[in-house]
Amino acid sequence: MNDDIIKINKDFSDLFTKGRSMLDEGCSAVVNSYRDEAFKHFLDLNGLPNKSEDYKYSDLVSIFKHDYFTMFKLPPLNVNMKEVFLCKVSDLNSTPVLMVNGWYHDECNELEGLHRDIVVCGMREASLKYPDIFAEHYNKYTSAAKNDSLISLNTAFAQDGLFIYVPDNTVVDVPLQLINILNTDKDYMGFQRNLIVLGKNAKLHLLTCEHTLSNTSFLINNTTEIVVGENSHCDYYQIQSQHSSTNYINSLFVEQKANSVLESNIITLFGGYIRNNLYVALSGKDADARLYGLYTLDKKQKVDNFVFVDHKVPHCTSDQHYKGILDDYAVGNFAGAIYVRPDAQKTEAYQINNNLLLTDTARMNSKPQLVIDADDVKCSHGATSGQIDDEALFYLRSRGIGLKEAKTMMMFGFAHDIIQKVKLEPLRHEIDSMIDKRLRNEYTGCQNCVYSTSVKKNS
Amino acid sequence: MLKIKNLHASVDGKEILKGINLEINAGEIHAIMGPNGAGKSTLSSVLTGRETFQVTEGSIEYMGKDLLALPAEDRAREGIFMSFQYPVAIPGISTVNFLKTAINEIRKYRGESVYPASKFLKMMREKMKLIGMDNKLLNRSLNEGFSGGEKKKNEIFQMAVLEPKLAILDETDSGLDIDALRTVANGVNNLKTPDNSSIVITHYRRLLDYIVPDYVHVLYDGRIVKTAGKELVTELEERGYDWIRKEIEASLNK
């Protein structure tokens, strides 16, 4: 093990020992009961998973050896509430929920118009108020990543995040829009932990927007567990738009019961290093997971998408489709695995990853994987990396469209394949327009977003 | 309108066009026929600016300009349009957005203002009616999942929208059944004005029964070896190209 990793691991040990009593404060016994075991597991796995197979193309040492400060106590709210109105998606009627640096502040979350049966609050508050739900669900779905020490690290240090509970037979028509704001005056390391539980016959749309407001560096380890109950439907959209000094490890664990549907769409517009882990367990018959992703990278951005779909029982379906456009020196990684267990007959599982490389220096590593232990299944996987089709480009130019515009149109068309899966029409239009601007290098933040405009004003 | 002089073009070092001479005036329809491999599609590619072909000799003057000096998009902006033999499918771009972009790029080049958005859809609908195209295709991705006939109709529809001065129909009849052929040909005829000209490239007579040419050229081994009126079409249909080959060989042996 190199000296950097030894030091990083030691620093975490010190931080954990010294911070332990503060970490426990405000969280329930259930949450705290996992800490020691999780941290021990982190160390047992040799700490930082540098250059392990799953993080082969990530340079975690250079990210982790940087000095960050942490906050183990609810910090005072540091965004100007007069400006906090909404990261409004035009025409999308949504209920905004704001998190600042991974902490939930009651005073900035009035939750107006929220469906009366659904519970939305901070994770630590919820852990005290709803011990039964936490006993049943908290940290119950992360075992799929038992070899990923960064997940254990989150469990050891997690103090707050978002909690959503949608009771049985509750259909939430108005989408929830979680806005994760990062804003600090020092380089910051945070551990956000979200728990989202849908009962039976329930429905939820959750849109998560990730933003950085300050120019400081960030190392964010954000872990989310989502339980989609029987006959329930969860749409999960995530839009990542962070500055280039943001290192973001975004792990999502989904547990799907019988007849449930999950539709995820993770769109990376900007970031420094972004790692998206998506683990889906299809645990009940006829569960259906549709997992989509899009990343547009340029300069020296790095985005890893790591997807693992576990077909535990028969008659489930899953469909993964990830697409990327890589420019300049950007590096993208995709590792998608489908695991069909011995009993999971009649599984249908598909996976595809397509990439457009715009320069000779952009790189894409794609690793589609299938492990099939059942004999009556339909599965396919594949990956492509290529350039913009010259024949199509000529077709557009022959109609009077200039080369640059023609290329932009081709990229947009390529990306639209993923965007069209977004079912909420106003959101789909908004993402279309963000992608179009992004591809034209005109993107400065989400349109109408007060946060991005306030940043521009200050800078 | 168009003056092609001694045009030589090659691909990967292989000469395909070996000295084409052709003059087209406003309002004329020229048919270019010839056996496979004669260079018909190469000629249309060179006219529209496809970069895989290198012009090694000769010149093309179009509306008083040196056509070969212009990139593909500028040729289109100057009023040249080609109906593709194999229209390309482009996922994620709808026909309507594609044409809106094309029209406005052309207008920008000509120093004109953006096409009024309020009138655009109305114009599109009128042109669709003219071509007999199903307007459901407008919002679908360009040519994606279109049948052969729909693709060719879409080409003529684009032609109707872009109103070219010189239209090149590159084997527009290939892959069309007789009804689709008639619709496409009617579309082309409806767009005819005394000011615009067409080059119709085809193997067969049937398209030329509908689009009646003023001149018929036979392209053979990279050269135009025969030019006549529309009566040549019937002769070619009856006798094939062999007699022309024999004529050429005979003249070469003299």
Side-chain angles (χ1 to χ4, degrees), chain A residues 265 267 292-296 321-325 352-356 382 384 386-422 425 428-429 431-440 442, chain B residues 44-45 47-53 70-95 97-110 112 115 139-144 151 154-155 157-159 161-164 167-168 170:
Chain A
N265 209 325
I267 294 168
Y292 308 119
L294 175 68
Y295 37 96
T296 53
H321 195 174
Y322 277 69
K323 283 186 134 182
I325 301 175
I352 186 107
N353 172 230
N354 309 109
N355 301 286
L356 263 188
T384 63
Q387 283 91 41
I388 293 178
D389 179 20
D390 281 338
E391 189 59 27
L393 217 47
F394 177 68
Y395 189 70
L396 296 178
R397 292 174 67 203
S398 79
R399 300 301 186 241
I401 298 170
L403 183 62
K404 201 174 161 220
E405 181 66 28
K407 281 186 176 172
T408 307
M409 284 180 84
M410 293 290 298
M411 289 189 267
F412 181 82
F414 180 84
H416 187 73
D417 207 14
I418 297 297
I419 304 165
Q420 64 166 355
K421 318 260 193 199
V422 174
E425 202 182 328
R428 190 170 63 238
H429 290 313
I431 297 173
D432 261 347
S433 125
M434 284 194 279
I435 291 286
D436 189 56
K437 286 202 179 73
R438 173 73 176 95
L439 295 173
R440 294 173 192 281
E442 291 167 3
Chain B
S44 62
S45 293
L47 283 171
T48 47
R50 198 190 287 267
E51 281 132 2
T52 41
F53 296 90
L70 300 176
E73 52 268 40
D74 285 353
R75 298 184 195 195
R77 293 161 180 173
E78 293 283 354
I80 293 183
F81 177 92
M82 175 166 74
S83 164
F84 279 56
Q85 188 180 352
Y86 304 107
V88 185
I90 304 184
I93 302 174
S94 67
T95 302
N97 279 338
F98 160 64
L99 280 173
K100 197 186 277 175
T101 308
I103 278 196
N104 286 326
E105 289 261 307
I106 292 170
R107 290 173 73 97
K108 195 166 83 188
Y109 177 83
R110 295 177 183 168
E112 297 164 6
Y115 200 98
N139 290 313
R140 269 176 46 190
S141 285
L142 188 58
N143 291 327
E144 202 185 32
K151 279 185 190 169
N154 194 10
E155 294 292 290
F157 167 63
Q158 292 173 34
M159 179 175 147
V161 171
L162 300 175
E163 299 179 331
I168 303 160
D170 189 1

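Just so we're on the same page: letters track the sequence lines, and every chain starts at 1.
At a 4.5 Å heavy-atom cutoff, the contact between B:Glu51 and chain A is made by side-chain atoms alone. Proximity to chain A involves both the backbone and the side chain of B:Pro87, based on heavy atoms less than 4.5 angstrom apart. Heavy atoms closer than 4.5 Å to chain B are found nowhere in A:Gln420, neither backbone nor side chain. The parts of B:Phe98 that come within reach of chain A are both its backbone and its side chain, each placing non-hydrogen atoms under 4.5 angstrom from that chain. Neither the backbone nor the side chain of B:Ile103 has a heavy atom closer than 4.5 Å to any heavy atom of chain A. Interface remark: B:Arg50 contributes backbone and side-chain atoms alike to the contact with chain A (heavy atom separation under 4.5 Å). Neither the backbone nor the side chain of A:Ile419 comes within contact range of chain B; no heavy atoms are under 4.5 Å apart.
Side-chain atoms of B:Asp170 do not come within 3.5 Å of backbone N or O of B:Gln85 as any donor-acceptor pair. In this structure, the side chain of A:Asp436 does not engage the main chain of A:Asp432 through any donor-acceptor pair within 3.5 Å.
When the candidates B:Tyr109, B:Phe81, B:Phe84 are compared by the number of heavy-atom contacts under 4.5 Å with chain A, B:Phe84 comes out ahead. Of the residues considered (B:Asp74, B:Thr52, B:Leu162, B:Ile90), B:Ile90 shows the highest number of contacts with chain A, using heavy-atom pairs under 4.5 Å. Note on B:Pro91, B:Gly92, B:Ala89: by heavy-atom pairs under 4.5 Å with chain A, the leading option is B:Gly92.
Dense packing is recorded around NZ of A:Lys421, with more than 12 heavy atoms of other residues, nucleotides or ligands lying under 6.0 Å away. Within 6.0 Å of CD in A:Gln387 there are 12 or fewer heavy atoms belonging to other residues, nucleotides or ligands. Within a 6.0 Å radius of OH in B:Tyr115, other residues, nucleotides and ligands contribute more than 12 heavy atoms.
Here the closest non-hydrogen pair linking A:Arg399 and B:Glu155 is NH2-OE1, 2.6 Å.
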Output, in order, the C-alpha distance, side-chain angles, deciding distance and verdict of side-chain contact (heavy atoms from CB on, under 4.5 Å) for B:Leu47 and B:Met82. CA-CA 9 Å; B:Leu47 283 171; B:Met82 175 166 74; over 6 Å; no

